[in-house]
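Everything below concerns the one structure shown next.
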Amino acid sequence: MIAYIAGPYRAKNKLGIASNILKAYKVAMEYWRKGYTVITPHLNSAFMDGIIPDSNFLKRDLELLQFADVMVVLPGWERSKGTQKELWRARQMGIKVIWVENKKWT
């Protein structure tokens, strides 16, 4: 089984981006421990802002999404245009969506 981790990446500054990457990382670890193979776009392109247009990152992430059995959605997804597009595509493809509850990110 393959889990695709989706959630906000962008933030007001690099510290906010780092926080979003860390949240995705922690959820990815949970799913590796559950026995999934995990695709985590946050980690795949961490801090690569500006090397290609943002739309290219999303296009390539959507290519990876096609291999997923489940999409795990992090809190804050509603403020992320990229996550909204990933969610729309997952639903189109019939990929099961799992919602991560708001929790303390320690």
Side-chain angles (χ1 to χ4, degrees):
M1 295 279 290
I2 298 174
Y4 181 99
I5 310 300
Y9 175 86
R10 300 258 170 257
K12 292 180 182 179
N13 55 45
K14 294 226 184 249
L15 185 58
I17 292 172
S19 176
N20 289 337
I21 292 169
L22 183 59
K23 290 172 186 174
Y25 170 79
K26 288 181 177 185
V27 172
M29 286 193 311
E30 288 178 29
Y31 277 81
W32 279 109
R33 288 183 187 121
K34 291 179 181 183
Y36 287 83
T37 297
V38 182
I39 299 169
T40 313
H42 290 73
L43 299 173
N44 188 48
S45 56
F47 299 109
M48 292 188 194
D49 308 290
I51 65 163
I52 59 174
D54 287 349
S55 61
N56 287 355
F57 280 116
L58 179 60
K59 178 183 175 189
R60 292 166 184 168
D61 291 342
L62 292 173
E63 290 173 0
L64 291 171
L65 179 59
Q66 70 181 323
F67 299 104
D69 298 295
V70 299
M71 179 175 168
V72 181
V73 182
L74 301 174
W77 65 270
E78 41 303 276
R79 69 177 186 272
S80 169
K81 291 181 182 177
T83 305
Q84 290 174 23
K85 290 178 183 176
E86 290 166 323
L87 187 55
W88 181 79
R89 180 68 62 85
R91 288 177 170 158
Q92 272 190 321
M93 294 188 294
I95 295 171
K96 178 182 176 182
V97 176
I98 299 171
W99 304 93
V100 174
E101 299 288 325
N102 271 323
K103 58 183 178 179
K104 190 173 184 178
W105 298 97
T106 57

Identify the two heavy atoms, one from Asp69 and one from Met1, that lie closest to each other, and give their separation to 0.1 Å. OD2-CA, 3.2 Å
Output for pair (Arg60 CZ, Glu63 CD), nearest 0.5 Å, gives 7.5 Å
Work out which heavy atom in His42 is nearest to a heavy atom in Ala6; give both atom names and the distance. CE1-C, 4.3 Å
Treat each ILVMFWY residue as a node, draw an edge where side-chain heavy atoms are under 4.5 Å apart, and state whether Met29 and Tyr9 are in one component. yes
Drop me the distance from Arg89's CZ to Gln66's CD, to the nearest 0.5 angstrom. 9.0 Å
Quick one, Asp61 and Glu86 - any side-chain contact, counting heavy atoms below 4.5 Å? yes
Could you tell me whether the side chain of Val97 reaches within less than 4.5 Å of the side chain of Val70, counting heavy atoms only? no
Using every non-hydrogen atom in the two residues, find where Lys85 and Leu62 come nearest and quote the distance to one decimal. O-CD2, 4.2 Å
Quick one: CG on Leu87 to CD1 on Ile95, what's the gap to the nearest 0.5 Å? 10.0 Å
Can you tell me if Thr83 uses its side chain to pair, donor with acceptor, with the backbone of Gly7 under 3.5 Å? yes
Joint hydrophobic cluster, Met93 plus Trp99, side-chain heavy atoms closer than 4.5 Å: yes
Non-hydrogen atoms of Leu65 and Met71 that approach each other most closely: CD1-SD, 4.3 Å
I'd like to know whether Val38 forms a side-chain contact (heavy atoms from CB on, under 4.5 Å) with Ile2, so could you lay out the CA-CA distance, the side-chain angles of the two residues, the decisive distance to 0.1 Å, and finally the verdict. CA-CA 6 Å; Val38 182; Ile2 298 174; over 6 Å; no
Measuring only between side-chain heavy atoms, which start at C-beta, is Val73 closer than 4.5 Å to Ile98? no
Which atom of Asn20 lies closest to which atom of Pro8, heavy atoms considered: CB-O, 3.2 Å
Search all heavy atoms of Ala24 against all heavy atoms of Thr40 and return the closest pair with its distance. CB-CG2, 4.0 Å
Within 45 degrees of the axis of the six-membered ring of Tyr36 and under 6.0 Å from its centre: does Lys34 put its NZ or CZ there? no
So Phe67 and Tyr4, do their side chains get closer than 4.5 Å, heavy atoms only? no
Hey, does Tyr31 have a side-chain heavy atom less than 4.5 Å from the side chain of Ile39? no
Is any side-chain heavy atom of Val72 closer than 4.5 Å to one of Val100? yes
